[in-house]
Amino acid sequence: MMSEDRSLNFIEEIIEEDIKSGKHGGNVITRFPPEPNGYLHIGHAKSICLNFGLAQRYGGKTNLRFDDTNPETEETEYVESIKYDVQWLGFEWAEELYTSDYFDKLYSFAVKLIEKGLAYVDDSTSEEIAGQKGTPTEPGVPSRYRDRSVEENLRLFSDMKAGVYRDGEKVLRAKIDLASPNMHMRDPIIYRIKHAHHHRTGDNWCIYPMYDFAHGQSDAIEKITHSVCTLEFIPHRPLYDWFIEQLEIYPSKQYEFARLNMTYTVMSKRKLLQLVNDGYVTGWDDPRMLTISGLRRRGYTAASIREFCERIGVAKRENIIDVSLLEFCVREDLNKRAWRRMAVLDPIRLVLTNYPEDQVEIFQGENNPEEENGGGSREIPFSRELWIEREDFMENPSRKFFRLGVGLMVRLKNAYIIKCDDFRKDEAGNITEVHCTVVWGTRSGEDNSGLSVKGTIHWVSVPHAKTAEVRLYDRLFRVEDPGSGEGDFKEYVNTESLQVIPGAYIEQDMATAEVGKGYQFIRKGYFTLDKESTPEKLVFNRTVTLRDAWAKEMKK
Ligand code: ATP
Ligand code: MG
């Protein structure tokens, strides 16, 4: 899956060193640790490709670990969607694990710290604790509970677990160093009281470990060798190492890389959830969302997302990736695999006045010229009346317009050259019909007329066409970096990001199009069947245009 012809990223360099020196016995065990509080997005895809990719490359394995220590925000629906998405991306985890399965073990780790005199129960309020933390240049002030005896701490902690206290009444803190320049080392909270129902442990627990007291320990329990996370965890690393050292558990190591940021989107589950809850989108899988499920519904292939993650590489510094790179990747992939079909999105009627009324000819069209033998072919019925694209006719064509206008000739894709003779308008001045004549002897593949025309246009035979709703998408935000400004990011939502075309005409065999398969509607882009499609009402999503229309728009 990984291309071997690129240079190593910095994590691979570390791993190769570790393998050479025999650290971790030469093993490579990674994990992907989502919190099940939302659907995965393209940033998670990056982390998935990295973690699973490392294990694949070095013959190791990757666990899927649900980091479920926040009972209030987590749901089983999210667990299921995450599993589906990881598999769909093409990865297989070694074990499916839950931090909540370690709650007993984590509790015993906390007891061990207390016994070593390295943790204490603090009755201070969260405001008092914050007030005593000091500043990066001034040391913190010890809480008056800091010197409780081991026995008292053990008893109080046990009572915390037994449900004797209310939320916030007490916390367990590690006893480290109130003068540390690293604020995370100033007696961090490691357990808090939360009387809340947990999606897996139910009401068994009313105390829950904090991230820093769960993540590294879970890594150690699973003997994770390389625990890869994003840059904001750099200041947590000394604490990660401290707990592992004090608890004398498996020496997992944390490494940090730059999170993926992309233009024209927000990339945090919290913000994505707001878009869903406030109705800016139809759901987590709205095709405009850069969630894995949204991208899939939009028609992105797993291969194109993996390729994107491979191309952006693994950086040590934050940057922002242009969404057009993702679009480029899906275009490249679909160009190789998508069947070509004709669809008219903004139809006007074209009448071939010299074509016999009831005649139907069947032309052959290649499914995909990029494939061997054109990927096979399909039959395309042709008749006297066709739908063509409104923009392919001009009443007063300019000299550079190589499509239809009175006196001009074009080729109808896979069919004849035609010549435009006349047109009809309604009272409002709209073109309603274009009249042309077939130039006989110009059938595609059998043309010996010697005529050469500059334009080729697509069409669909009127009596044979199927009707479909087509949904065209634009970027969900109007600005490049909606999450960065002062104001509410939702103010930057592009209210015109969805355009619905109710009555497009497509080739008849698109009635059997399949969800998850990509189709190229010639000249119009790549499309896929939407999950809301029914045999009575076909619905297609445009995955991406054929060229980068946005880049062109910006240059104007
Ligand atoms: P969010 O802020 O979107 O909720 P998170 O980091 O809280 O993201 P988790 O479910 O905790 O989400 O993340 C699971 C894994 O995915 C973590 O290892 C995290 O570092 C990684 N990850 C999350 N967002 C990104 C991103 N934008 N780029 C790369 N990795 C990411
Ligand atoms: Mg998180």
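Note that ligands are numbered from 1 as they come in the structure, with each ligand's atoms numbered from 1 the same way.
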Self-check item: Sub-3.5 Å N/O-N/O distance, G43 and ligand 1
Solution: yes

The answer for which part of H41 has a heavy atom under 4.0 Å from ligand 1 is side chain

Heavy atoms of P482 and V266 approach each other most closely as CG-CG1, 4.1 Å

Using distance alone, with no hydrogens and no angle criterion, decide if [X] and [Y] have a side-chain donor and acceptor under 3.5 Å apart.
X: Y98; Y: D67; value: no
X: S227; Y: R31; value: yes
X: N541; Y: Y473; value: yes
X: E77; Y: Y39; value: yes

May I ask which of [options] has a heavy atom nearer to [atom] than the others do?
atom: atom 27 (N) of ligand 1; options: I42, L260, N37; result: L260
atom: atom 23 (C) of ligand 1; options: R31, M262, M267, H44; result: H44
atom: atom 1 (P) of ligand 1; options: K46, R259, K269; result: K269

When the side chains of residues 16-23 are checked against the rest of the protein, which donor-acceptor pairs come out under 3.5 Å, sequence neighbours left out?
| unit_1 | atom_1 | unit_2 | atom_2 | d |
| --- | --- | --- | --- | --- |
| E16 | OE2 | Y58 | OH | 2.7 |
| D18 | OD2 | H226 | NE2 | 2.7 |
| S21 | OG | E17 | O | 3.4 |
| S21 | OG | D18 | O | 3.3 |

Measure the distances from the heavy atoms of T230 to every atom of ligand 1 and state whether one is below 4.0 angstrom.
-> yes

With heavy atoms of [X] as the reference, note each atom of ligand 1 found under 4.0 Å away.
X: E35; answer: 9 (P), 10 (O), 11 (O)
X: P33; answer: 14 (C), 18 (O)
X: F257; answer: 29 (C), 30 (N)
X: P34; answer: 10 (O), 14 (C)

Strictly under 6.0 Å, is that where the ring centroids of F103 and Y208 end up?
yes

